[in-house]
Asks: 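Please see the structure below; I have some questions.
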Amino acid sequence: MAKRVYSEAEAELGATGSVKYTVWMKSLVFHSNGCTVYDSNGDIVYRVDNYDKKGATQVNLMDLRGTLLCTIHKKLLGFGRWDVYRCSGSDSDYCTRQQQKSKKKPWFEVKTGYKMMITGRVASCQVTTIGSQKYCIHRICRKTPGFKIFNMKNGHIVAHAKQKQSCSGIVLGKDVLRLDVEGDIDHSLIIAFVTVFALICGII
């Protein structure tokens with residue numbers, strides 16, 4: 001049985017229609033890196049199992065059943081750039097070959113400033129989707145794991161993560177986040193954003 005890292009009292013939508021998730025920056029696979037995302041009922045909905053060392057050049061985002069949702073590739077010749085391809089199935093190598101063969105455009109691209117990558121002080125990064133929609137992931141404070149995701153067109157916050165607290169007010173570890181996501185956006189897209197940002201920051 002998978003570990004639950006939040007309280008049942010949080011199992012409801014926020015006042016603004018946002019959906020609450022718990023992001024645990026741990027893999028369910030022993031001695032592996034990754035993260036696990038729980039919904040408000042305590043069920044696992046997304047997971048990342050990075051069997052290699054932290055900061056791998058290719059990572060897969062899956063659902064609970066192991067269905068591949070997207071593959072995340074670090075551009076080796078593009079400093080501070082990540083390409084994310086949407087996919088379905090269980091064979092990531094096959095999906096990668098098909099993407100290369102068809103020259104498929106990535107689902108979205110993530111770019112981080114050169115200076116940020118050199119200093120290691122990742123404060124924000126820009127995301128561009130296939131439809132040219134732009135988002136910004138902004139870290140709230142370097143000492144805490146919280147961040148916000150903005151729609152750059154209108155400045156609207158589409159997701160907000162902060163360090164989780166128990167019902168009694170006890171602050172949990174830095175690897176446990178409460179993630180509020182706007183109700184009318186593709187949540188797998190937001191989780192993919194979170195995964196890339198965690199890779200860039202060296203968390204998973």
Side-chain angles (χ1 to χ4, degrees), residues 5-6 10 12-25 34-40 44-48 50 55 59-63 69-75 80-86 105-113 115-117 120-165 172 174-204:
V5 290
Y6 67 97
E10 294 175 331
E12 58 184 46
L13 296 181
T16 60
S18 63
V19 179
K20 302 180 189 301
Y21 292 98
T22 295
V23 181
W24 188 33
M25 294 298 178
C35 68
T36 309
V37 181
Y38 299 80
D39 66 12
S40 58
I44 299 171
V45 284
Y46 303 103
R47 62 189 180 94
V48 174
N50 174 10
V59 172
N60 301 321
L61 174 63
M62 300 170 285
D63 64 14
L69 303 177
C70 67
T71 59
I72 301 167
H73 301 266
K74 184 176 183 180
K75 298 288 287 186
R81 176 177 164 180
W82 298 74
D83 288 347
V84 181
Y85 294 88
R86 202 161 199 171
K105 290 185 178 181
W107 187 19
F108 64 86
E109 301 173 343
V110 180
K111 294 181 180 180
T112 301
K115 184 177 180 180
M116 292 180 185
M117 295 298 293
R121 299 178 180 178
V122 179
S124 63
C125 57
Q126 181 175 304
V127 180
T128 304
T129 66
I130 287 179
S132 298
Q133 178 65 60
K134 294 184 183 297
Y135 296 89
C136 178
I137 308 174
H138 180 73
R139 198 167 188 171
I140 298 172
C141 178
R142 191 160 179 252
K143 294 183 179 180
T144 63
F147 57 86
K148 294 180 180 180
I149 301 176
F150 296 88
N151 182 323
M152 294 181 67
K153 183 177 181 180
N154 55 24
H156 184 62
I157 297 175
V158 296
H160 181 198
K162 60 182 179 181
Q163 198 167 347
K164 197 169 182 63
Q165 293 185 8
L172 303 181
K174 290 185 177 181
D175 59 349
V176 183
L177 304 178
R178 167 179 160 171
L179 176 67
D180 293 352
V181 181
E182 189 179 66
D184 59 354
I185 195 170
D186 184 346
H187 289 195
S188 62
L189 177 67
I190 296 298
I191 299 300
F193 289 175
V194 173
T195 302
V196 177
F197 196 59
L199 286 165
I200 291 173
C201 294
I203 299 173
I204 63 175

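Since the structure is predicted, the reported quantities are computational estimates derived from the model, not experimental observations.
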Asks: Side-chain polar contacts of residues 195-204 - donor-acceptor pairs under 3.5 angstrom, sequence neighbours left out - could you list them?
Replies:
from	atom 1	to	atom 2	distance (Å)
T195	OG1	I191	O	2.9

Asks: Rounded to the nearest 0.5 Å, how far apart are CG of N151 and CD1 of I157?
Replies: 11.0 Å
Asks: Please report the closest heavy-atom contact between T112 and C125, naming both atoms and the distance.
Replies: OG1-CB, 3.4 Å
Asks: Roughly how far, to the nearest 0.5 Å, is the NZ atom of K111 from the CZ atom of R81?
Replies: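 Nearest 0.5 Å value for the CZ-NZ distance: 5.5 Å.
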Asks: Report yes or no: does H187 contribute a side-chain atom to a donor-acceptor pair with the main-chain N or O of E182 at less than 3.5 Å?
Replies: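 Confirmed, H187 side chain pairs with E182 backbone.
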Asks: Indicate the atoms forming the closest heavy-atom contact of Y21 with D39, along with that distance.
Replies: CD2-CA, 4.0 Å
Asks: In chain order, what residues pass the ring pair (Phe, Tyr, Trp, His ring centres under 6.0 Å) check against F193, with sequence neighbours excluded?
Replies: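 Partners of F193 under the ring pair (Phe, Tyr, Trp, His ring centres under 6.0 Å) test: F108, Y135.
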Asks: Under the rule for side-chain hydrogen bond (donor to acceptor under 3.5 Å, both in side chains), what residues qualify as partners of S188, not counting sequence neighbours?
Replies: D186
Asks: Given D83, which partner from the list K74, K105, K75 fulfils the salt bridge (Lys or Arg N to Asp or Glu O under 4.0 Å) test?
Replies: K75
Asks: Are side-chain heavy atoms of K153 and K134 found at a separation under 4.5 Å?
Replies: no
Asks: Output the distance between atom NZ (K162) and atom CZ (F147), rounded to the nearest 0.5 Å.
Replies: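 It comes to 13.0 Å.
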Asks: Which residue, D175, V176, L179, forms the side-chain contact (heavy atoms from CB on, under 4.5 Å) with V23?
Replies: L179
Asks: Of all the heavy-atom pairs spanning I190 and A159, show the shortest one and how long it is.
Replies: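 Nearest heavy atoms, I190 then A159: CG2-CB, 3.8 Å.
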Asks: State, yes or no, whether a side-chain contact exists between L177 and K164 at a heavy-atom distance under 4.5 Å.
Replies: no
Asks: Do the side chain of Q163 and the main chain of L172 share a donor and acceptor less than 3.5 angstrom apart?
Replies: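 Pair found, side chain donor or acceptor close to backbone of L172.
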Asks: Which value, rounded to the nearest 0.5 Å, describes the distance between M62 atom CE and C70 atom SG?
Replies: 10.0 Å
Asks: To the nearest 0.5 Å, how far apart are NE2 in H138 and CD1 in I149?
Replies: 12.5 Å
Asks: Taking all atoms of both residues into account, what is the closest heavy-atom pair of S18 and D180, and its distance?
Replies: OG-CB, 4.1 Å
Asks: Quick one: pull up NZ in K174 and CE in M25 and give me the separation to the nearest 0.5 Å.
Replies: 13.5 Å
